[in-house]
2 protein chains.
Amino acid sequence: MRLVIARCSVDYVGRLKAHLPLATRLLVVKSDGSVLVHSDGGSYKPLNWMSPPATLRVLSPDEADLEDGVAEQWTVQSAKTDDRLIVNLHEVLHDTSHELGVDPGLIKDGVESDLQRLLAEQIETLGAGYTLIRREYYTAIGPVDILARDSSGATVAIELKRRGDIDGVEQLTRYLELLNRDPRLAPVRGIFAAQQIKPQARVLAQDRGIDCVTLDYDAMRGVDDVESRLF
Amino acid sequence: MRLVIARCSVDYVGRLKAHLPLATRLLVVKSDGSVLVHSDGGSYKPLNWMSPPATLRVLSPDEADLEDGVAEQWTVQSAKTDDRLIVNLHEVLHDTSHELGVDPGLIKDGVESDLQRLLAEQIETLGAGYTLIRREYYTAIGPVDILARDSSGATVAIELKRRGDIDGVEQLTRYLELLNRDPRLAPVRGIFAAQQIKPQARVLAQDRGIDCVTLDYDAMRGVDDVESRLF
DNA sequence: AGTTGAATTTCGGGG
DNA sequence: CCCCGAAGTTCAACT
């Protein structure tokens, strides 16, 4: 990995065109040829970048560029697409290289699949007498997150989201439409379950007779922990 | 901006939990307190990070951490949420600071609004005799990208995307439902126009009687350029 | 400030 | 390999 601090301008040509005027920035060149252009602010997204695999070629600037004060020109060419990043370096303030090795990668906990597993294990969170039919119930238009039965024996389709948005309600509506054509399942009720549900999504769900349930992941994990400890 | 290369492990606690085992990585500390943790690979997204505004506190490791070889511990606390990033530095291989100043920011060309402008200017791309009614035709549920008339005088609602996905078809469907209630406009036909249309979106669109059109941005821009030069 | 929709999205999983 | 959906999405525009 190479770290360069330089006064530079940057042009990107590819899926769109973009330009960065002359300013001092951090350039990160990774060993797979990818390049990140960062300013001293904003969040994790670079101002501009080239995705790997890519190759960096260093060119001597032509006469016109020299007159503009360009000391060195980088052409970062994507290996797979014709995207190209051109960096005009006017002044290099720092330039170091470092051996990092391969990274073991990130371990996550608390994503949607965890939520789904927990809700399937603790299906009675939705009400007494609920029983699980199965997770990832496959239909022609995609898998229903959880299919269950309520205490009266009626089928319930559950759509699970971390953040409940209008799209999720649309998705569940399509599933319900399809499931209700199956006489072995019909009538199928819908439950929209999420850690947080947007007001608009809630209104749309109610309008379509879909119940909304907000889930407390920490509490569910807590129950899970207790169960793990006890048994 | 501070650049640190260190052998470190990282833990994130916030909207989810995540852990990075001990390895050598780049740590970027920006002046707004945000921190990026990058490996020497992958694309522009860091392995982990803290969004600004945030504050970095350096702690002396406790006894247990010292035994594990932790030389220094960083706690990066988000100012707005209770998200927290903890970096255990075992060995610092590089540590420099740099003054970058404020960045003038990125200038883009070729995003959806450009496509919309081009299609509105070249509405006959959709067929001979098409005329523009207006761009951004406002309705109660949001603006229709383009409203036009075909050669027979019938109203056409056009939804424009760079990448045509199922969501766009749903969106256009909602617009059509609403527009067709207006007797001055009805009957309104739908066209789903995008640079690329996903097969599933195409099927759904056809099922609902919506025409699909793929757009060639470069060609449209070319026509635009020629027109600009001629007139 | 909250909401909505796009993104050079990136990333991961499943067929 | 492509396709699809989730993301600590981020980002910008608009209400």
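In what follows, every chain begins at residue 1, and chains take the letters A, B, ... in the order their sequences are listed.
Annotation: proximity of residues 2-37 of chain A to DNA chain C (heavy atom, distance under 4.0 Å) is found for A:Y12, A:R15, A:L16, numbered in ascending order.
Closest approach to the B:S43 side chain among D:dA7, D:dT10, C:dT10 is made by C:dT10 (side chain taken as heavy atoms from C-beta onward). When distances run from any side-chain atom of B:Y44 to the nucleotides D:dT10, D:dA7, C:dT10, the shortest one goes to C:dT10. Distances from the side chain of B:S51 to the nucleotides D:dT10, C:dT10, D:dA7 place D:dT10 closest.
Atom-to-atom distance recorded for B:T214:OG1 and B:R202:CZ is 6.0 Å, nearest 0.5 angstrom. To the nearest 0.5 Å, atoms CZ (B:R7) and CZ (B:R25) are separated by 11.0 Å. Taking CG of A:L119 as the start and CG of A:L126 as the end, the distance is 5.0 Å to the nearest 0.5 Å. To the nearest 0.5 Å, atoms CD (A:Q195) and CG (A:D216) are separated by 8.0 Å. Atoms CD1 and CG, on B:I158 and B:D145 in that order, are 9.0 Å from each other to the nearest 0.5 Å.
The residue A:M50 sits apart from the nucleic acid: no heavy atom pair falls under 4.0 Å. In this structure, A:K108 reaches the sugar-phosphate backbone alone: every heavy-atom distance under 4.0 Å involves primed, P, OP1 or OP2 atoms, never a base.
Separating the NZ atom of A:K161 from the C1' atom of D:dC4 is a distance of 11 Å, rounded to the nearest angstrom. In this structure, the CG atom of B:D165 is 14 Å from the C1' atom of D:dC2, given to the nearest Å. At whole-Å resolution of the value, CG in B:L106 and P in C:dA7 are 13 Å apart. Between the CZ atom of A:R163 and the P atom of C:dG5 there is a distance of 14 Å, rounded to whole Å. One can place CD1 of B:I197 at 13 Å from P of D:dC4, the figure rounded to the nearest angstrom. Going from atom CG of A:D109 over to atom C1' of C:dG12 covers 17 Å, rounded to whole Å. The OH-P distance, from A:Y138 to C:dG14, rounds to 7 Å in whole Å. Nucleotide C:dA1 holds its P atom 6 Å from the NZ atom of B:K80, rounded to whole Å.
Legend: residues meeting ring-ring contact (aromatic ring centres under 6.0 Å, His included) with B:H19, ordered by chain and number and at least two apart, are absent. Residues satisfying the side-chain hydrogen bond (donor to acceptor under 3.5 Å, both in side chains) test with A:D83, not counting sequence neighbours, are A:Y12, A:R15, A:T81. Remark: B:R163 pairs with no residue by the side-chain hydrogen bond (donor to acceptor under 3.5 Å, both in side chains) rule, at least two apart or across chains.
Along DNA chain C, the nucleotide nearest to A:L85 and the one nearest to A:I166 differ in position, and the one closer to the 5' end is contacted by A:I166.
Residue A:L160 is tested with A:L115, A:L118, A:I191 for a side-chain contact (heavy atoms from CB on, under 4.5 Å); the sole match is A:L115.
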Q | Paired and unpaired positions of DNA chain D as dot-bracket, Watson-Crick or G-U wobble under 3.5 Å, | denoting a partner strand | A | |||||||.|||||||
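Annotation: salt bridge (charged side-chain N to carboxylate O under 4.0 Å, His left out) contacts involving residues 28-48 of chain A, sequence neighbours excluded, are absent.
Between A:S113 and D:dA6 there is no side-chain N or O to OP1 or OP2 distance below 4.0 Å. Neither OP1 nor OP2 of C:dC11 sits under 4.0 Å from any side-chain N or O of B:K45.
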